[in-house]
K.L.:
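Can you read through this structure? Questions will come right after.
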Amino acid sequence: MMKAPVFAVVGHPNKGKSSIVATLSQNDAIAIALEPGTTRKHQAYPLAVDGKTLYTLVDTPGFQRPRRVLEWLEAHSVSASDRAETVEAFVVQHRQDNGFVDECELLQPLIEGAGIIYVVDGSVPYSTQHEAEMTILRWTGRPSLALINSIGEDDYSDTWARALGQFFQVVRTFDAVRAPFEQHLSLLRAFGQLEPDWEQPLDSATAFLSAQRRQRRTQAATLIARSLEDMMSFREKRTLTTLQTSEISDHDLAAQLRKSWYDNQRKREQHLRIAIEKLYEHHRVQRQEAELEWHSEHDLFSEDSHKAWGVNRRYLATAGFGAGAVSGAGVDALTLGHSLGAGALVGGLIGAAGSYFYGDRLALPVLNTGVLKNGLRTATFGPVQDSQFGYVVLGRAVNHWWHISHRNHAGRDLLDLEPADDHWLEQLDRSQRRTIHQAFERCRKKRALDDKMRIAFIAAIEQSLDAYDDWRLNRT
């Protein structure tokens, strides 16, 4: 069994080494700070899938006295053949020397067999002072790769690339905070070219990670579909005694149940947020977004949410026709085809008309109270009365999923969930629109989805993720 590759991430202090480690190890717990000296001990971060380590990144302190280290190495080396042993001798001799603590920490993983990932900041000019660092690393004899990780706005990447190319086998530009997933895979393949023993493990790693990404997308669609079922059909219920009934008006009872219904819907959305973030190994995301708000007197949703995530009447009519036609087809089946498809046509027209005239109404759930029976009376609030609620929740969920699934683990900025400025659901085909609309209609009518419908609903949600992904990537 081949051993998983280990890479030591080294370089000058405060040039983004920890960001590289956080992104490539998918670990958002790694401390990233602007102040130099945050990392004082080398520390290993394995990336494991299903309990199997694919590779390990080692975060290290930055070089502090590279010229003095190089002077010592040059003074104790006889020929090029003993350079790796000379570096090891330096570490052994200076392990307890406070003057070279950081150098010993960063060189230790290399003398133990780790590959080199040398990180520089491409937004600052190249300087010959870095040549001492690069010379020391070359003396270790380990497979090496250099990453240009630009932190600021200026760009000196070309100069850096020419200089680094003289010391390292591979030179790449990599933005640890913004690099898309495909660049992660490309980087792993580049690592595999450095050392024959790494090629097979890293090919396996890229295959694992690609499969994991597809699996996570399906799992995310499943989570969103379940939440939509739950939120569309949710009903707040209370049972009152005769005395309690006499002590509260219908107005006040409706207000209490409405507030509880709103709070529960908000909690459900937040639980979905956390589940999606956990799925992608993001455990410390801070979000900035408008709460899921409703105006209690007239509208089910805030006007902004409805404009951003709701669908127009034409879309509803199209989806409503499809959903209605499916219901009408049952009539045709019962008549053994003697209706000549009239059932599907009539059902479709009814569905389209209902959706067109009533589907975009921002109607609140209403209070329903039962008759007094055996001294008890039941009051309910919900479920939601129109399918626009589902489209708003779906839009917000897909938008959140997109930001999380494209967020690198080095990202520490506030997650700003701005609303969309176009409706991407238009990209879905007629069948997928119909499936989503039909599921919304059944849920709000308290009719459970059967297994076949649920599978189709999840598949349509997954297609929605793809549609939103395409829309986001192609809009700029």
Side-chain angles (χ1 to χ4, degrees), residues 5-39 42-45 47 55-64 66 102 106 109-110 114-134 136-138 142-191 193-194 202 406-413:
V6 179
F7 304 100
V9 183
V10 300
H12 213 64
N14 202 28
K15 299 302 179 188
K17 298 189 298 298
S18 296
S19 296
I20 298 288
V21 174
T23 289
L24 294 181
S25 64
Q26 297 188 9
N27 188 336
D28 67 352
I30 295 172
I32 296 173
L34 296 177
E35 297 79 16
T38 303
T39 305
H42 74 268
Q43 189 164 351
Y45 296 95
L47 177 66
Y55 55 83
T56 297
L57 279 299
V58 181
D59 199 9
T60 67
F63 280 105
Q64 298 293 337
D102 289 348
L106 75 88
L110 302 181
I116 297 169
I117 300 177
Y118 181 62
V119 181
V120 300
D121 180 2
S123 65
V124 299
Y126 169 75
S127 167
T128 55
Q129 66 174 326
H130 294 90
E131 290 183 9
E133 299 174 4
M134 296 189 282
I136 293 168
L137 296 173
R138 189 165 59 181
R142 298 304 304 154
S144 61
L145 177 148
L147 293 182
I148 303 172
N149 176 39
S150 294
I151 298 174
E153 295 182 356
D154 295 331
D155 185 9
Y156 300 92
S157 299
D158 290 344
T159 310
W160 272 107
R162 286 194 294 272
L164 292 167
Q166 299 181 45
F167 290 87
F168 298 93
Q169 296 162 275
V170 176
V171 179
R172 291 287 183 92
T173 299
F174 187 79
D175 185 334
V177 176
R178 299 175 186 82
F181 178 72
E182 290 70 23
Q183 280 193 23
H184 301 190
L185 299 184
S186 175
L187 201 55
L188 293 178
R189 294 188 187 101
F191 291 154
Q193 301 302 313
L194 299 178
L202 290 174
H406 287 76
R407 184 181 177 90
N408 286 341
H409 291 76
R412 298 292 186 270
D413 54 321

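The figures here come from the full heavy-atom set of this structure, side chains too, leaving out hydrogens, waters and symmetry mates.
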K.L.:
Return the set of residues passing side chain to side chain donor-acceptor pair (under 3.5 Å) with Asp158 (not counting sequence neighbours), or none when no residue passes.
P.N.:
none
K.L.:
Heavy-atom distance under 4.5 Å between the side chains of Gln193 and Val170, does that happen here?
P.N.:
no
K.L.:
Would you check if Asp59 and Lys17 make a side-chain contact, meaning some heavy-atom pair closer than 4.5 Å?
P.N.:
yes
K.L.:
At their closest point, which heavy atom of Ile30 faces which heavy atom of Val21, and how far apart are they?
P.N.:
CD1-CG1, 3.5 Å
K.L.:
Quick check: closest heavy atoms across Val124 and Lys15, and the distance to 0.1 Å?
P.N.:
CG2-NZ, 4.3 Å
K.L.:
Do Phe174 and His184 make the cut of ring centroids closer than 6.0 angstrom?
P.N.:
yes
K.L.:
Restricting to non-hydrogen atoms, name the atom on Pro13 and the atom on Phe63 that form the minimum distance, rounded to 0.1 Å.
P.N.:
CD-O, 3.3 Å
K.L.:
Using side-chain hydrogen bond (donor to acceptor under 3.5 Å, both in side chains) as the criterion, point out the one residue from Thr159, Asp155, Asp154 that pairs with Ser157.
P.N.:
Asp155
K.L.:
Measure the spacing between CG of Leu188 and CG of Leu202 and express it to the nearest 0.5 Å.
P.N.:
6.0 Å
K.L.:
Where do Ala176 and Asn149 come nearest, in terms of heavy atoms and distance?
P.N.:
N-OD1, 3.3 Å
K.L.:
Quick check on side-chain contact (heavy atoms from CB on, under 4.5 Å): which of Leu106, Leu147, Ile117, Leu24 does Val9 satisfy it with?
P.N.:
Ile117
K.L.:
Output, in order, the C-alpha distance, side-chain angles, deciding distance and verdict of side-chain contact (heavy atoms from CB on, under 4.5 Å) for His130 and Trp160.
P.N.:
CA-CA 11 Å; His130 294 90; Trp160 272 107; 3.6 Å; yes
K.L.:
Apply the test side-chain contact (heavy atoms from CB on, under 4.5 Å) to residues Phe191 and Leu145: give CA-CA distance (whole Å), side-chain angles for both, the deciding distance (0.1 Å), then the verdict.
P.N.:
CA-CA 7 Å; Phe191 291 154; Leu145 177 148; 3.3 Å; yes
K.L.:
Could you tell me which non-hydrogen atom of Gly115 sits nearest to which non-hydrogen atom of Leu110, and how far apart they are?
P.N.:
O-CD2, 3.9 Å
K.L.:
Begin from the C-alpha positions of Arg162 and Tyr126 and carry the test side-chain contact (heavy atoms from CB on, under 4.5 Å) through to its verdict.
P.N.:
CA-CA 10 Å; Arg162 286 194 294 272; Tyr126 169 75; over 6 Å; no
K.L.:
Could you grab the distance from atom CD of Gln166 to atom CD of Glu131, nearest 0.5 Å is fine?
P.N.:
7.5 Å
K.L.:
Using the side-chain contact (heavy atoms from CB on, under 4.5 Å) definition, which of the options Thr23, Asp28, Asn27 pairs with Ser25?
P.N.:
Asn27
K.L.:
Is a side-chain donor or acceptor of Asp102 paired with a backbone partner of Pro61 at a separation under 3.5 angstrom?
P.N.:
no
K.L.:
Would a distance-only check, ignoring hydrogens and angles, find a side-chain to backbone donor-acceptor pair under 3.5 Å from Gln169 to Ser144?
P.N.:
yes
K.L.:
Can you find a pair of side-chain heavy atoms, one from Pro109 and one from Val6, that are under 4.5 Å apart?
P.N.:
no
K.L.:
Work out which heavy atom in Asn408 is nearest to a heavy atom in Ala179; give both atom names and the distance.
P.N.:
ND2-O, 2.9 Å
K.L.:
Taking the side chain as every heavy atom from C-beta outward, state whether His12 and Val120 have any pair of such atoms under 4.5 Å apart.
P.N.:
no
K.L.:
Quick check: do Leu47 and Leu57 have side-chain heavy atoms less than 4.5 Å from each other?
P.N.:
no
K.L.:
Within this structure, what is the OH-OG1 distance for the pair Tyr45 and Thr56, rounded to the nearest 0.5 Å?
P.N.:
12.0 Å
K.L.:
Quick one: pull up CD1 in Ile116 and CE in Met134 and give me the separation to the nearest 0.5 Å.
P.N.:
12.0 Å
